[in-house]
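One-based numbering, in listed order, for ligands and for the atoms of each. Here the structure is a predicted model, which is why all the values come from computation and not from measurement.
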Amino acid sequence: MDLKQMNRLFKPQSIAVVGASNQVGKIGHTVVKNLLESQYDGKIYPINPKDAEVQGLKAYKSVLEVPEDIDSAVITVPASLVEQVVEECGKKGVGGLIIITSGFSEVGNRDLENRIVEIARRYGTRIQGPNIVGTMSNSNKMNASFGPFLPFPGKATLISQSGALLLAIDASTYTRGIGFDKLISIGNMSDIDFADCIDWLNEDEDTTCITLYIEGFKDGRKFIESSRVAKKPIIALKSGVSAHGAAAAASHTGSLAGAAKVYGAAFQQSGVVQASDLDNLFNRTLALSLQPPMKGDNLLIITNGGGVGVLATDAAEHSGMPLRFAPPELQTELKKHMPEFGSAKNPVDLTGMAGLEWYYDSIRYSFTHPWVDGICVLYCETAMTDPMEIARGVKQALDESGVKDKPIAVSMVGGERCTKAMRWLVDNGIPSYGAPDTAVNGMAALREYYRMQAMLKEPLETRREFDHEAAIKIIEHARADGRDSLTEIEAKQVFSVYGLNVTATHLATTEEEAVQLSTKIGYPVVMKIVSPDILHKSDAGGVKVNIKDEAAVRDAFRTIMTNAKAYRADARIHGIAIQEMAPWGTEVILGSVNDPTFGPTMMFGLGGIFVEVLKDVTFRVAPVSCGQAERMLGEIRGAPILMGVRGEKPRDRQALAETICAYSTMILDLADEISESDANPVLVYEEGKGVKVVDARIILKKK
Ligand code: ACO
């Protein structure tokens, strides 16, 4: 990343406004007015071809006429003039351009957009936009945008692909009381994208949490790389989650992959916390921007109301952090700060009689207790207590405990007094929410962040030994044959190259050969038609299983050939695959797609109705480490089946995870060749007995 130019763009000492205007209502007027009203402390250079002064500031006809250096230029002239302006800014040595102007790739004008990027690159100038609202920065007192005002001050920075959404968020930061240092609009991302902003914000001392509103990436892998190494929490809301491209998919996996699932996988792998909607994005941002991550699962809830305690308990379970009973010695201590009929278990119910002192004592003690990983304080407004007093008590207990590496969140349910107390808490660094479940969800975000950071420390699996040339040879043979998919035998050969355990399968072109191979493999065997023109072999009567002797092999050979010809007279038939009959195991499916944004991506799910009907599958962008693969096994709803249900022994999860890992190596190594693939079914045996790929399909990229 070009840190120097990005600094000049986002923290400029001087700004030119190209298209600055004296005419109220023009964007070029609003930007100058906003810079003045936000009391931007750098220099402002209005650029206007005809006016000598704009809003009381000396104006210049071109950036080239400005005698001093210019760090950043906001561009508010029509699209037809932008090329020339970018050229002039380049010549002038401007560090970065905030191009507000619309009329580029978003309306199909890609050539013009490419040209301005080309010019800027020639001069080493960075481009934010085009088609954006601009940048608002509290720490710089800089409203270089046409948004109404700087956001409610805070420590998060929002990067938004949508300008309209950024404007909406700007105003609502005040009503919600959730603070941002910067709002950055990136629009068409012609040059600077999410990853560039993350790299820069990583070094920005005014930002503690990076909040993203994403419509789509151009380069998903670049995003993963930047996010993985970020030192600050990143939270993302992704919109537009329809199943892109799924309709045209040729494999099972292709039909199950959708933007939501693949983006979700990429966020997991890059340690990005997800938000489910706009409210959730705000609420989680508040917790992530103010509090440290939660290092363990032990959340303690302290409340003065049973009802809100139960709501919080439900929310904790829903957020993947089910409450546990507090240990006995903690309960004994807490019992000292509540009436006889209170409860110290967890939630800790101080009862409606709770005053400042009980809240203070229980928070102060619990925070230092080693069992407690985080505290959620709930308060229902009562006539006997003053919410502001309780708020101050929470803060004092926290400060006096001396603990800085455990998070806390507060929920106050009540009226205006509660709202004021919560605003005070937020101003003092304690995230506070009107609803108990929202507070718990904020804590869950802090827990998720910690979990993902721990996961990112695991080494990414290095590539295993494999013979790339051997795989390419099989693929080239199929291409030379005019095919864009491999036969089952070829696909299994490729799988074997990458260490997947496939059922022994050989091609018999004659009845005699079929008998010889069956004897070699050992009875019983499975026989399947091998034809590039018959993809659904069972439908064509092309599969016979459990064939026990020579006579049955001869009989099956003739029947399959007759059926195949009847199914499709002109089908090219390579022969019949003779395959070992694998013993029964739990059926799972592995597969891959070449995602348009993230490239080779893995899928895992249980086979049969789990995948057909319930679509119970999970994804990861390749490469998938063994640790990630194990997590995939636990993510599907049918996960308990692999653990062994109804008296069955647990399945060999380790072998399955290793298979996923090896599969992901294969799709990454053959990224230029494989479009989609399935291993379906893969049979998973008891612990220690491994897995076996029974059927395989590889669809090639068209060349
Ligand atoms: N250098 C400097 N100034 C120039 C130059 C030049 N070479 N040429 C013309 N100008 C001046 C003009 O004289 C004018 O100033 P004036 O009012 O003193 O005459 C000023 O630049 C602006 O030019 P106009 O032709 O008046 O353009 P206008 O202001 O109508 O529109 C704009 C320009 C706003 C960039 C428009 O083309 C546009 O793209 N609008 C959409 C912007 C937008 O919404 N972006 C965010 C999208 S995200 C979202 O949806 C919220």
Side-chain angles (χ1 to χ4, degrees), residues 15-36 44-66 70 72-92 94 97-110 112-113 115-116 119-120 125 127-136 143-149 151 158-172 183-193 213-216 239-240 278:
I15 300 180
V17 181
V18 184
S21 171
N22 282 311
Q23 280 192 53
V24 178
K26 285 204 175 177
I27 287 185
H29 177 274
T30 306
V31 172
V32 176
K33 182 170 138 283
N34 277 348
L35 283 168
L36 291 169
I44 307 169
Y45 301 109
I47 311 295
N48 184 293
K50 51 185 182 14
D51 291 351
E53 223 178 63
V54 170
Q55 297 178 50
L57 299 169
K58 177 176 166 42
Y60 300 84
K61 290 195 175 6
S62 153
V63 285
L64 293 170
E65 284 188 7
V66 176
I70 302 171
S72 157
V74 186
I75 296 180
T76 64
V77 293
S80 57
L81 302 176
V82 172
E83 233 178 314
Q84 179 208 332
V85 169
V86 173
E87 182 78 47
E88 286 175 5
C89 287
K91 276 192 189 138
K92 174 69 187 161
V94 177
L97 310 176
I98 302 173
I99 306 184
I100 288 181
T101 313
S102 300
F104 294 86
S105 64
E106 82 282 4
V107 291
N109 211 347
R110 216 163 272 284
L112 179 60
E113 188 164 304
R115 286 205 299 276
I116 60 165
I119 298 167
T125 309
I127 292 181
Q128 179 189 344
N131 188 33
I132 57 172
V133 168
T135 298
M136 304 171 197
N143 186 0
S145 81
F146 65 92
F149 30 65
L158 171 80
I159 309 164
S160 175
Q161 213 169 341
S162 155
L165 195 96
L166 184 126
L167 291 175
I169 285 177
D170 183 23
S172 73
L183 304 182
I184 299 174
S185 170
I186 56 173
N188 296 3
M189 302 189 295
S190 66
D191 173 29
I192 287 172
D193 59 12
Y213 171 76
I214 302 163
E215 285 170 359
S239 68
L278 207 50

Output the distance between atom [atom1] ([X]) and atom [atom2] ([Y]), rounded to the nearest 0.5 Å.
X	Y	atom1	atom2	value
S160	I184	OG	CD1	11.0 Å
H29	N48	NE2	CG	11.5 Å
L166	I159	CG	CD1	11.0 Å
T76	K26	OG1	NZ	9.0 Å
C89	L97	SG	CG	5.0 Å
M189	N131	CE	CG	11.5 Å

Exercise check, heavy-atom protein proximity under 4.0 Å to [atom]:
atom	value
atom 27 (O) of ligand 1	yes
atom 12 (C) of ligand 1	no
atom 30 (O) of ligand 1	no

Give the atoms of ligand 1, by number and element, whose distance to some non-hydrogen atom of [X] is under 4.0 Å.
X	result
G163	48 (S), 51 (C)
I27	34 (C), 42 (C)
Q23	17 (O)
V18	1 (N), 2 (C)

Identify the protein heavy atom lying closest to [atom], giving its residue, its atom name and the separation to 0.1 Å.
atom	answer
atom 7 (N) of ligand 1	V85 CG2, 4.3 Å
atom 22 (C) of ligand 1	T76 O, 3.8 Å
atom 14 (C) of ligand 1	K26 NZ, 4.1 Å
atom 25 (O) of ligand 1	P78 CG, 3.4 Å
atom 20 (C) of ligand 1	G19 O, 3.4 Å
atom 46 (C) of ligand 1	I132 O, 3.1 Å

Is P49 close enough to touch ligand 1? Criterion: a residue heavy atom under 4.0 Å from a ligand atom. yes
Is ligand 1 less than 4.0 angstrom away from at least one heavy atom of K50? yes
Out of [options], whose heavy atom is nearest to [atom]?
atom	options	value
atom 35 (C) of ligand 1	I100, V77, V133	V77
atom 18 (O) of ligand 1	L81, N48, V17, I47	N48
atom 41 (C) of ligand 1	S102, A164, S160	S102

Which atoms form the tightest heavy-atom contact between V54 and N22, and what is the distance? CA-OD1, 3.2 Å
Go through the side-chain N and O atoms of S190 and E113 and say whether any donor and acceptor fall under 3.5 Å apart. no
Donor-acceptor pair, S185 side chain versus V133 backbone, under 3.5 Å? yes
I'd like to know if the side chain of N34 reaches the main chain of G147, judged simply by a donor and an acceptor atom lying under 3.5 Å from each other, with no hydrogens or angles considered. yes
Taking distance alone, with no angle check, do S21 and ligand 1 share an N/O pair under 3.5 Å? yes
With only distance considered, is N131 within less than 3.5 Å of ligand 1 through an N or O on each side? no
Using a 4.5 Å cut-off on heavy atoms from C-beta on, say whether the side chain of P148 contacts that of L167. yes
Please report the C-alpha distance between L36 and V32 in whole Å, then the side-chain angles of each, then the deciding distance to 0.1 Å, and finally whether the side-chain contact (heavy atoms from CB on, under 4.5 Å) criterion is met. CA-CA 6 Å; L36 291 169; V32 176; 4.1 Å; yes
